A.B. asks: 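One structure is given below, represented as structure tokens, and several questions about it will come after.
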Number of protein chains: 2
Amino acid sequence: MTEPNDIEMAEGTRRVLDLLARKWSVGVLYLLARGTRRYSELFYEVGEVSKKALTQTLRSLERDGLVVRRVYPEVPMRVEYSLTPTGWSITSLLMSMYEWSTEHDDRLAA
Amino acid sequence: MTEPNDIEMAEGTRRVLDLLARKWSVGVLYLLARGTRRYSELFYEVGEVSKKALTQTLRSLERDGLVVRRVYPEVPMRVEYSLTPTGWSITSLLMSMYEWSTEHDDRLAA
DNA sequence: CTGTATCCAGTAGGATACTG
DNA sequence: CAGTATCCTACTGGATACAG
């Protein structure tokens with residue numbers, strides 16, 4: 001197998017970043033890492049998000065295979081979101097980034 | 001010290017992602033990880049980038065303390081870019097992301 | 001060689017109102 | 001409860017021409 005060059009590494013890395021690029025994706029993933037959550041729970045816990053943005057975030061995470069959506073057609077309706085194995089595996093990357101941020105927050109302030 | 005909650009972890013993680021959010025930031029960092037490069041070298045090696053976008057990328061990396069810019073007022077002019085210690089330290093994060101992408105590229109294709 | 005200036009298009013997300 | 005529809009703004013980057 002040939003060595004990956006800079007362009008290939010940058011492309012692979014960018015694909016990961018694109019998975020997390022939306023404003024609320026990371027917050028949603030951290031919440032779901034603690035367990036399954038309903039739409040309204042995410043809506044109230046993730047921050048000052050609009051329903052439109054939250055839905056877009058969830059749909060994009062679902063398309064990318066990080067999150068699963070389950071609908072329970074009760075009255076009132078219930079929709080639950082949870083991490084896929086892939087979604088779960090990416091949380092270790094998130095925690096590495098958080099840890100790096102704590103080691104460099106002096107620089108991030110500037 | 002108190003445990004960080006999800007919101008704090010998401011905020012720290014997002015600050016790191018914001019550092020890398022621009023389209024060409026990752027490519028530039030990978031190139032500079034191999035050593036100092038001139039503007040024109042980056043321009044030709046990083047991909048199909050416009051000069052405007054490359055300059056914006058470099059300015060933003062410089063503001064965030066990941067890159068240093070050095071000007072040599074010769075004729076013709078020479079400008080060199082290189083990683084700061086902070087910039088260097090973030091490359092290990094980039095490589096973790098690249099590695100993750102290679103382990104999940106089946107999912108990324110979908 | 002190393003950028004700036006200008007114009008233009010696509011995308012993300014906030015606010016608000018409405019729906020099955 | 002869990003969204004969708006509409007309107008609007010900000011940001012990002014490509015193309016092109018021009019400048020120190």
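Lettering of chains follows the sequences in order, A, B, ..., and the numbering in each one begins at 1. Scope of the values below: all heavy atoms of this structure, side chains included, with no hydrogens, waters or symmetry mates. This is a predicted model, so every value here is computed, not measured.
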A.B. asks: Quick one: E74(B) CD to dT2(C) C1', roughly how many Å, whole number?
C.D. replies: 13 Å
A.B. asks: Expressed in angstrom and rounded to an integer, what is the separation of L20(B) atom CG from dT12(D) atom P?
C.D. replies: 14 Å
A.B. asks: Roughly how many Å is it from CG in L42(A) to P in dA2(D), rounded to a whole number?
C.D. replies: 9 Å
A.B. asks: Over all heavy atoms of both residues, which pair between E41(A) and R38(A) is shortest? Give the atoms and the distance, please.
C.D. replies: OE1-N, 2.7 Å
A.B. asks: Report the C-alpha separation of T36(B) and Y81(B) in whole Å, then their side-chain angles, then the decisive distance to 0.1 Å, and conclude whether the side-chain contact (heavy atoms from CB on, under 4.5 Å) test is met.
C.D. replies: CA-CA 6 Å; T36(B) 296; Y81(B) 294 90; over 6 Å; no
A.B. asks: Going only through I, L, V, M, F, W and Y residues with side-chain contacts under 4.5 Å, is there a path from L66(B) to W88(B)?
C.D. replies: yes
A.B. asks: Surrounding CD of E99(A) (heavy atoms of other residues, nucleotides or ligands, distance under 6.0 Å), is the total greater than 12?
C.D. replies: no
A.B. asks: Expressed in angstrom and rounded to an integer, what is the separation of D18(B) atom CG from dC11(D) atom C1'?
C.D. replies: 12 Å
A.B. asks: dA2(D) phosphate, OP1 or OP2: any side-chain N/O from S40(A) under 4.0 angstrom?
C.D. replies: yes
A.B. asks: Between C1' on dA12(C) and CG on L17(A), what's the gap in Å once rounded to a whole number?
C.D. replies: 17 Å
A.B. asks: When the distance from CG of L54(A) to P of dC1(D) is rounded to whole Å, what number comes out?
C.D. replies: 14 Å
A.B. asks: How close or far is atom C1' of dA9(C) from atom NZ of K23(B), stated in whole angstroms?
C.D. replies: 13 Å
A.B. asks: For E45(B), is there an ion pair with R37(B) - N to carboxylate O distance below 4.0 angstrom?
C.D. replies: yes
A.B. asks: Between the protein and nucleotides 3-10 of chain D, list every N/O to N/O distance that falls short of 3.5 Å.
C.D. replies:
residue	atom	partner	partner atom	Å
dG3(D)	OP1	R59(A)	NH2	3.3
dG3(D)	OP1	R69(A)	NE	3.4
dG3(D)	OP1	R69(A)	NH2	2.5
dG3(D)	OP2	Y81(A)	OH	2.7
dG3(D)	N7	K51(A)	NZ	3.3
dG3(D)	O6	K51(A)	NZ	2.6

A.B. asks: So N5(B) and Y30(A), do their side chains get closer than 4.5 Å, heavy atoms only?
C.D. replies: no
A.B. asks: Has R78(A) got a side-chain N or O lying under 4.0 Å from the OP1 or OP2 atom of dA2(D)?
C.D. replies: no
A.B. asks: Determine whether T13(A) and L20(B) make a side-chain contact, defined as any pair of heavy atoms from C-beta on separated by less than 4.5 Å.
C.D. replies: no
A.B. asks: Side-chain N or O of R38(A) less than 4.0 angstrom from OP1 or OP2 on dC1(D)?
C.D. replies: no
A.B. asks: Once you round it to whole Å, what is the distance between P of dA12(C) and CZ of R63(A)?
C.D. replies: 9 Å
